[in-house]
Amino acid sequence: MVAVVKHGASKQQVEGLIAWFHARGLKTHLSEGEFQTIIGLIGDTTNVDIDLLESLEIVESVKRITEPFKGVNRKFHPDDTVVNIGGLKIGGGSFHIIAGPCSVESSEQISSIAKSVKASGATLLRGGAFKPRTSPYDFQGLRADGIDLLLEAKSMTGLPVVTEIMSATHLPLFENVDVIQVGARNMQNFELLKELGHINKPILLKRGFMNTLTELLMSAEYIMAEGNPNIILCERGIRTFETYTRNTLDLSAVPVLRELTHLPIIIDPSHAIGVSRFVKPMALAAVASGADGLIIEVHNDPPNALCDGAQSLTPEQFADIADRVLRIREVVVSL
C-alpha cells in the first residue's frame with residue numbers, strides 16, 4: 001500500500017503520519033520526489049482503513065499494491081533511483097560501461113586491460129576474483145589475491161571496481177570493492193542477499209538464467225528490505241531451447257523492468273551470447289532498448305584466457321563497440 005502526500009505538506013506533518021503508521025505495526029518507505037512525496041507501507045495492511053487514511057488532512061490518495069515486491073516497486077518510488085559509486089552515478093538518465101576480464105589472472109593482465117578499457121570509454125572495471133564454475137576442476141579465480149590486483153588496477157586508473165562475491169563469509173575481503181556483484185547462480189541465495197542488505201555498498205544483481213523478472217525483483221527486495229537501497233539490476237540472458245548461443249538475451253526485460261521498478265538496469269551481452277562476434281550487435285540493441293549501461297568482457301589475449309575466452313573481446317574490438325555504443329546513446333537520448 002502507498003499513501004500519496006498532498007503537495008505542500010510540512011516535514012512535521014509527514015513525520016507525524018509516519019509515526020501513526022509505525023504505531024500500527026507497519027514499516028514505512030519514504031520517497032520524496034521533486035513534485036510528490038509517497039509513503040510506502042510494508043507489513044500487514046489488510047486491516048488498514050483506506051477511507052480513514054484518505055480523510056486525513058495531508059493524504060491525497062491511497063493505493064494498494066498487488067505485486068509481491070514492495071520496496072523496489074516504482075509505485076513506492078516513482079522517480080528513478082540513482083546509485084552513487086564514489087561520485088559516479090548510475091540511473092536517472094546516465095549511461096556507463098563496465099568492462100574487464102572474466103577473471104583476474106595476473107597483475108600485468110588486469111592492469112593492461114584496465115588502462116585500455118578506460119581509454120576507450122569504460123567508467124568501471126570488472127574482473128572476477130572468485131569464479132563460480134560448473135566443473136570443480138576449472139580455474140576458480142585468484143580469490144583474495146585477485147581482489148588485491150583489482151584494487152591495484154584501480155589505483156593506477158581511477159576506475160571503480162566491480163567483482164563477484166560467492167559467500168557472505170568473504171565480505172571482509174570486499175571492504176574496498178566499489179560494487180559487489182551477485183552472479184546468476186547466487187541470485188536466490190537469500191542468506192547472502194540478506195547480508196548484503198546490511199551494508200551500504202552498491203550491489204549489482206544479475207538475473208538467474210532460469211528466473212522470471214518477478215523473481216529477480218523479489219531477490220532485490222531481500223536486499224532492500226534489510227536496509228540497502230543501492231541496487232543495480234543486470235539482465236544477462238536466460239536459458240531457452242536455443243543452443244547456437246550460450247543464452248538468449250531478453251531485451252524485453254528493459255522496458256518491462258523500467259515500468260515495474262525504479263532501480264537502474266544494465267545489460268551483459270557477453271554472458272548472454274557467449275560468442276564474441278555477436279556481442280557488438282547485442283550491445284547496440286541493448287542501448288537502443290533504453291538500458292542504463294553495459295557490462296562487457298574484455299581480455300588482452302582471448303584465445304589463452306583462463307575463463308570465458310570465447311565471449312571476450314580484444315581491447316581493439318571493445319574500443320570499436322564503445323564508440324558505436326556512445327553514438328547510439330546520443331540518438332536514444334535525443335528521441
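Counting begins at 1 with the first residue of the sequence. Quantities reported herein were computed from a predicted structural model and do not represent experimental measurements.
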Margin query: Using the rule given for side-chain contact (heavy atoms from CB on, under 4.5 Å), can you reason through H299 versus D301, listing the C-alpha separation, both sets of side-chain angles and the distance that settles it, and then say yes or no?
Written below: CA-CA 5 Å; H299 197 284; D301 186 14; 4.0 Å; yes

Margin query: For a side-chain contact (heavy atoms from CB on, under 4.5 Å) check, start with the C-alpha distance between H271 and K206, then their side-chain angles and the critical distance, and finish with the verdict.
Written below: CA-CA 11 Å; H271 278 92; K206 285 196 167 188; 3.6 Å; yes

Check: Is there a donor-acceptor pair under 3.5 Å between the side chain of R143 and the backbone N or O of A129?
Finding: no

Notebook entry, point to check: Would you say T245's side chain and T248's backbone share a donor-acceptor pair under 3.5 angstrom?
Noted result: no

Note to self: Taking L260 as the starting point, is it possible to reach Y222 by hopping between hydrophobic residues whose side chains are less than 4.5 Å apart?
What the structure shows: yes

Item checked: Remaining members of the apolar cluster that contains I50, side-chain heavy atoms under 4.5 Å -> M1, V5, V14, L17, I18, W20, F21, L26, L30, I39, L41, V48, L52, L53, L56, I58, V59, V62

Check: Going by heavy atoms in the side chains, are V162 and P160 under 4.5 Å from each other?
Finding: no

Checklist line | Separation between CZ of R74 and CD1 of I65, rounded to the nearest 0.5 Å | finding: 12.5 Å

Next item on the list: Measure the CD1-OG1 distance between I38 and T28 for me, rounded to the nearest 0.5 Å.
Entry: 13.5 Å

Next item on the list: Would you check if T163 and V104 make a side-chain contact, meaning some heavy-atom pair closer than 4.5 Å?
Entry: no

Margin query: Please evaluate residues R207 and D268 with respect to the criterion salt bridge (charged side-chain N to carboxylate O under 4.0 Å, His left out), reporting the C-alpha separation (whole Å), side-chain torsions for both, the decisive distance (0.1 Å), and the verdict.
Written below: CA-CA 10 Å; R207 179 184 182 184; D268 179 351; over 6 Å; no

Notebook entry, point to check: What distance do S55 atom OG and D49 atom CG have between them, rounded to the nearest 0.5 Å?
Noted result: 8.0 Å

Check: Any side-chain heavy atom of L205 sitting closer than 4.5 Å to one from I232?
Finding: no

Notebook entry, point to check: Is there a donor-acceptor pair closer than 3.5 Å between any side-chain N or O of S289 and the backbone N or O of A286?
Noted result: yes

Next item on the list: Check whether any side-chain heavy atom of F69 lies under 4.5 Å from a side-chain heavy atom of T261, and answer yes or no.
Entry: no

Checklist line | CD1-CD1 distance between I223 and I231, expressed to the nearest 0.5 angstrom | finding: 4.5 Å

Next item on the list: Starting from the C-alpha separation in whole Å, work towards a yes-or-no answer on salt bridge (charged side-chain N to carboxylate O under 4.0 Å, His left out) for K194 and E226.
Entry: CA-CA 6 Å; K194 289 178 185 178; E226 296 296 328; 5.9 Å; no

Item checked: Transitive ILVMFWY side-chain link M156 to I147, under 4.5 Å -> no

Item checked: SB check K89 D292 (cutoff 4.0 Å) -> no

Note to self: Classify the ring geometry of F174 against F130: parallel below 30°, tilted from 30° to 60°, perpendicular beyond 60°.
What the structure shows: parallel

Checklist line | Check: S219 main-chain N/O paired with Q188 side-chain donor or acceptor under 3.5 Å | finding: no

Margin query: I need the T240 OG1 to N247 CG distance, nearest 0.5 Å.
Written below: 8.0 Å

Next item on the list: Could you tell me whether the side chain of R126 and the main chain of Q181 form a donor-acceptor pair under 3.5 Å?
Entry: no

Next item on the list: Check whether any side-chain N or O of E221 sits under 3.5 Å from a backbone N or O of V72 as a donor-acceptor pair, and report yes or no.
Entry: yes

Check: What heavy-atom pair brings D178 and V161 nearest, and what distance separates the two atoms?
Finding: OD2-N, 2.8 Å

Next item on the list: Drop me the distance from M282's CE to L294's CG, to the nearest 0.5 angstrom.
Entry: 11.0 Å

Notebook entry, point to check: Does the distance from a Lys or Arg side-chain N to an Asp or Glu carboxylate O, for K75 and E67, drop under 4.0 Å?
Noted result: yes

Item checked: Non-hydrogen atoms of L306 and E105 that approach each other most closely -> N-OE2, 2.9 Å

Check: Are side-chain heavy atoms of T314 and P302 found at a separation under 4.5 Å?
Finding: yes

Check: Heavy-atom distance under 4.5 Å between the side chains of R324 and K280, does that happen here?
Finding: yes

Margin query: Tell me the closest heavy-atom pair linking L263 and A220, and the distance in Å.
Written below: CD1-CB, 4.1 Å

Check: D250 pairs by side-chain contact (heavy atoms from CB on, under 4.5 Å) with which of V256, I238, I267?
Finding: I238

Notebook entry, point to check: Is there a donor-acceptor contact under 3.5 Å from the side chain of N228 to the main chain of H198?
Noted result: no

Next item on the list: Start with the C-alpha gap between S167 and T169, add the side-chain angles, then the distance that decides, and say whether side chain to side chain donor-acceptor pair (under 3.5 Å) holds.
Entry: CA-CA 5 Å; S167 168; T169 60; 2.8 Å; yes

Next item on the list: With sequence neighbours left out, write down each residue that passes side-chain contact (heavy atoms from CB on, under 4.5 Å) with F241, or none if nothing qualifies.
Entry: none

Note to self: With a sphere of 6.0 Å drawn around CD of E242, does it hold more than 12 non-hydrogen atoms of other residues, nucleotides or ligands?
What the structure shows: yes

Check: Which is it for V83 and T81 under the side-chain contact (heavy atoms from CB on, under 4.5 Å) test, yes or no, and what are the steps along the way?
Finding: CA-CA 6 Å; V83 177; T81 282; 4.1 Å; yes

Notebook entry, point to check: Once the angle between the rings of H262 and H77 is folded into 0 to 90°, is it parallel (under 30°), tilted (30 to 60°) or perpendicular (over 60°)?
Noted result: parallel

Checklist line | K6, NZ: over 12 other non-hydrogen atoms inside 6.0 angstrom | finding: yes

Notebook entry, point to check: Any donor-acceptor pair under 3.5 Å linking the side chain of K118 with the backbone of T157?
Noted result: yes

Note to self: Just checking K201: does its NZ atom have more than 12 heavy atoms from other residues, nucleotides or ligands closer to it than 6.0 angstrom?
What the structure shows: yes

Notebook entry, point to check: Should I328 and V325 be marked as a side-chain contact (heavy atoms from CB on, under 4.5 Å) after you check the CA-CA gap, both sets of side-chain angles, and the distance that decides it?
Noted result: CA-CA 5 Å; I328 292 290; V325 158; 5.8 Å; no

Next item on the list: State, to 0.1 Å, how close A291 and R329 come at their nearest heavy-atom pair, and which atoms those are.
Entry: O-NH1, 4.0 Å

Checklist line | Taking every non-hydrogen atom, the tightest pair across Q311 and E297 | finding: NE2-OE1, 3.0 Å

Margin query: I'd like to know if the side chain of T37 reaches the main chain of E32, judged simply by a donor and an acceptor atom lying under 3.5 Å from each other, with no hydrogens or angles considered.
Written below: no

Margin query: With heavy-atom distances below 4.5 Å as the criterion, would you say the side chains of N211 and L216 are in contact?
Written below: no

Checklist line | Side-chain touch M224/K70, heavy atoms, less than 4.5 angstrom | finding: no

Margin query: Do L196 and F190 land in one hydrophobic cluster if side-chain heavy atoms of ILVMFWY residues count as linked below 4.5 Å?
Written below: yes

Next item on the list: State, to 0.1 Å, how close P68 and T214 come at their nearest heavy-atom pair, and which atoms those are.
Entry: CG-CG2, 4.1 Å

Notebook entry, point to check: Using a distance-only test with no angle check, is there a side-chain donor-acceptor pair under 3.5 angstrom linking S276 and Q317?
Noted result: no

Margin query: Between E330 (side chain only) and V332 (backbone N and O only), is there a donor and an acceptor less than 3.5 Å apart?
Written below: no

